[in-house]
A.B. asks: 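Input: one structure, supplied below.
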There are 2 protein chains.
Amino acid sequence: MAMRIGELARQAGTTTRTLRHYEELGLLPARRTGNGYRTYDDGDLRLLQQIRTLQDFGFGLEETRPFVDCLRAGHPAGDACPASLDVYRRKLAELDDCIADLQRIRAEVGTQLARAELEAAADVPGGPPPLCAFAPPFEHEREPGTP
Amino acid sequence: MAMRIGELARQAGTTTRTLRHYEELGLLPARRTGNGYRTYDDGDLRLLQQIRTLQDFGFGLEETRPFVDCLRAGHPAGDACPASLDVYRRKLAELDDCIADLQRIRAEVGTQLARAELEAAADVPGGPPPLCAFAPPFEHEREPGTP
DNA sequence: GTAAACCTTCACGCTGACGTCAACGCCAGA
DNA sequence: TCTGGCGTTGACGTCAGCGTGAAGGTTTAC
């Protein structure tokens, strides 16, 4: 039940440095034992798991705060509060924008690559295999030594 | 033709700080006039435009280097060299991976949002509009003042 | 009793692409 | 000659999410 920072880090698959960082941010404050050691319980593990899950989805730490607050407020799930739902919705919109941007860019880069490859094939005869095997190099561009 | 740093920055739609940064990286070195002022020409403007275009596509500055070198080597286009094509291809793969990741995440977040919204609707009767318009609020939750 | 394994705080480092001062030099117009 | 607007270098700040020590105290196992 009660555990120290190393144990919690192991259970959550993270590091003690990360947990201290979360505490600096006020995201996951710890109780202290008499000697100053941080001490956590299973509730903290749940909060931490919530944070890590959202992190894996690309949420920033600040964006996880409503979920953590929601859990701490006693709700059974971190997304049982309106503020969390808002974060979900904003993230969805953000993801959609981002995906659309990347798809535009992907298409553009693909086009550029295809064009550049064609031009390279045209400029360096004998380099990459020609699309039409019967297309001979032009005479005035033929290299010396080639019969 | 010849211009100083402010003029080049204006023509390329960037800042003098950015141009000094590029020079620090060795990406866009400048000639100097007698008084130590940086001086650029139209060729530098082309190099800079190449860099900015690739930047807009999400290329890192180091990734633009082959293109810039290619132009400086006298090629008519920055992507006329094999090294540039390699960068294109790596970027395409990177974009595909990234898009796939984001789409998985988008689906996951969408699922979570839908589920959380349903649970919120179930837990808070009378909050969001019910799916079935004939479902009346329960008596013990009815507000005072409502006939 | 001692060594290993834990814990503490402090504080700098890393990545990328610049922004933002400070403190000063150079030059043209009124 | 003064003012304003350019230019220069150097160096620190920003954003996020930690990593990586250093220097020391505490607990645990043998």
Side-chain angles (χ1 to χ4, degrees), chain A residues 2-41 44 47-65 67-68 87 90-91 94 98 101 105, chain B residues 2-41 44 47-68 87 90-91 94-95 98 101 105:
Chain A
M3 53 193 150
R4 293 181 301 185
I5 194 169
E7 179 63 16
L8 178 60
R10 260 187 303 278
Q11 290 205 27
T14 182
T15 68
T16 60
R17 178 65 183 91
T18 295
L19 299 185
R20 293 195 186 97
H21 182 56
Y22 292 174
E23 185 173 27
E24 279 182 55
L25 298 181
L27 200 54
L28 190 65
R31 269 79 49 200
R32 302 293 180 124
T33 59
N35 55 19
Y37 284 16
R38 289 170 178 84
T39 183
Y40 302 90
D41 58 22
D44 294 314
L47 299 183
L48 183 50
Q49 284 166 340
Q50 174 75 80
I51 296 172
R52 303 305 293 184
T53 300
L54 293 172
Q55 281 265 92
D56 290 344
F57 288 167
F59 288 68
L61 288 177
E62 286 309 319
E63 290 176 319
T64 72
R65 206 179 285 270
F67 294 80
V68 176
V87 174
R90 268 188 281 120
K91 184 58 69 177
E94 197 180 305
C98 190
D101 284 348
I105 289 171
Chain B
M3 53 193 150
R4 293 180 300 182
I5 193 169
E7 178 64 15
L8 177 59
R10 259 187 303 278
Q11 289 205 27
T14 182
T15 68
T16 61
R17 177 65 184 93
T18 295
L19 299 185
R20 293 195 185 98
H21 182 56
Y22 291 175
E23 187 172 26
E24 279 183 56
L25 299 180
L27 199 57
L28 189 65
R31 269 80 47 199
R32 300 297 179 120
T33 59
N35 56 18
Y37 284 16
R38 289 170 177 84
T39 183
Y40 303 90
D41 58 22
D44 293 315
L47 299 184
L48 182 51
Q49 284 166 341
Q50 174 75 79
I51 296 172
R52 301 305 293 184
T53 300
L54 293 173
Q55 280 265 95
D56 290 343
F57 288 166
F59 288 66
L61 287 177
E62 287 308 319
E63 290 176 319
T64 71
R65 207 180 284 271
F67 294 81
V68 176
V87 174
R90 268 187 283 122
K91 184 57 67 176
E94 198 178 305
L95 283 167
C98 190
D101 284 348
I105 289 171

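Chain letters run A, B, ... following the sequence lines, proteins first and then strands; every chain starts at 1. Since we're looking at a predicted model, the values are computed, not measured.
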A.B. asks: Of all the heavy-atom pairs spanning A:T15 and A:A9, show the shortest one and how long it is.
C.D. replies: C-CB, 3.7 Å
A.B. asks: If you define the side chain from C-beta out and look only at heavy atoms, does anything of B:I51 sit under 4.5 Å from B:V68?
C.D. replies: yes
A.B. asks: If only atom types and distance count, is the side chain of A:D44 paired as donor or acceptor with the main-chain N or O of A:D41 below 3.5 Å?
C.D. replies: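 Checked: pair present.
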A.B. asks: What are the two closest heavy atoms between A:Y40 and A:I5, and how far apart are they?
C.D. replies: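 Between these two residues, the closest heavy atoms are CE1-CA, 3.8 Å.
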A.B. asks: Are B:R4 and B:E7 within salt-bridge range, i.e. N to O under 4.0 Å?
C.D. replies: no
A.B. asks: Could you report the tightest heavy-atom contact between A:G6 and A:T16, atom names first, then the distance?
C.D. replies: CA-CG2, 3.8 Å
A.B. asks: State, yes or no, whether a side-chain contact exists between A:L47 and A:Q50 at a heavy-atom distance under 4.5 Å.
C.D. replies: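 With C-beta onward as the side chain, the pair stays apart.
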A.B. asks: Please list residues of residues 50-59 of chain A whose heavy atoms come under 4.0 Å from any atom in DNA chain D, ordered by number; otherwise none.
C.D. replies: A:R52, A:Q55
A.B. asks: Check the phosphate of D:dT8 against B:R20, side-chain N and O only, distance under 4.0 Å to OP1 or OP2. Yes or no?
C.D. replies: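 Yes, because at least one side-chain N or O of B:R20 sits under 4.0 Å from OP1 or OP2 of D:dT8.
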A.B. asks: When the distance from CG of A:L19 to P of D:dC18 is rounded to whole Å, what number comes out?
C.D. replies: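 For the pair A:L19 CG and D:dC18 P, the rounded distance is 10 Å.
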A.B. asks: List in chain and number order the residues that pass salt bridge (Lys or Arg N to Asp or Glu O under 4.0 Å) with A:E23, two or more places apart in sequence or in another chain; answer none if no residue qualifies.
C.D. replies: A:R32, A:R38
A.B. asks: So, does A:Y22 get its side chain near the phosphate of D:dC18, meaning an N or O under 4.0 Å from OP1 or OP2?
C.D. replies: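 A:Y22 to D:dC18 OP1/OP2: side-chain N or O found under 4.0 Å.
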A.B. asks: Under 4.0 Å from a heavy atom of chain A: give me the 5'-most and 3'-most nucleotides of DNA chain C that qualify.
C.D. replies: C:dC6 to C:dA11
A.B. asks: Once you round it to whole Å, what is the distance between C1' of D:dG19 and CD of A:E24?
C.D. replies: 13 Å
A.B. asks: How does protein contact run along nucleotides 21-30 of chain D, one letter per nucleotide 5' to 3', with B for base contact, S for sugar-phosphate only, - for none, heavy atoms under 4.0 Å?
C.D. replies: ----BBS---
A.B. asks: Given D:dG19, is OP1 or OP2 found less than 4.0 Å from the side-chain N or O atoms of A:T18?
C.D. replies: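 The answer is yes; a side-chain N or O of A:T18 sits under 4.0 Å from OP1 or OP2.
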A.B. asks: What pair of heavy atoms forms the shortest contact from A:N35 to A:T33, and how long is it?
C.D. replies: OD1-OG1, 2.5 Å
A.B. asks: Where along residues 25-32 of chain B does a heavy atom come under 4.0 Å from DNA chain C, residue by residue in number order?
C.D. replies: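 None - not one residue of the stretch has a heavy atom sitting under 4.0 Å from the strand.
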A.B. asks: Not counting sequence neighbours, which residues clear salt bridge (Lys or Arg N to Asp or Glu O under 4.0 Å) with B:R65? List them please.
C.D. replies: B:E62
A.B. asks: When all nucleic acid strands are considered with a 4.0 Å heavy-atom cut-off, which category describes B:R38: base, sugar-phosphate, or nothing?
C.D. replies: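 The answer is sugar-phosphate, as B:R38 gets under 4.0 Å only of primed atoms, P, OP1 or OP2.
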A.B. asks: Starting at atom NE2 of B:H21, determine the distance to atom C1' of D:dT8, rounded to an integer number of angstrom.
C.D. replies: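 For the pair B:H21 NE2 and D:dT8 C1', the rounded distance is 18 Å.
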A.B. asks: Check whether any side-chain heavy atom of A:T18 lies under 4.5 Å from a side-chain heavy atom of A:R52, and answer yes or no.
C.D. replies: yes
A.B. asks: Report yes if the side chains of B:R10 and B:M3 come closer than 4.5 Å at any heavy-atom pair, otherwise no.
C.D. replies: no
A.B. asks: Go nucleotide by nucleotide along DNA chain D from the 5' end; which of A:T15 and B:I5 gets its closest nucleotide reached first?
C.D. replies: B:I5
A.B. asks: Quick one: closest heavy-atom pair of A:L48 and A:A12, and the distance?
C.D. replies: CD2-CB, 3.3 Å
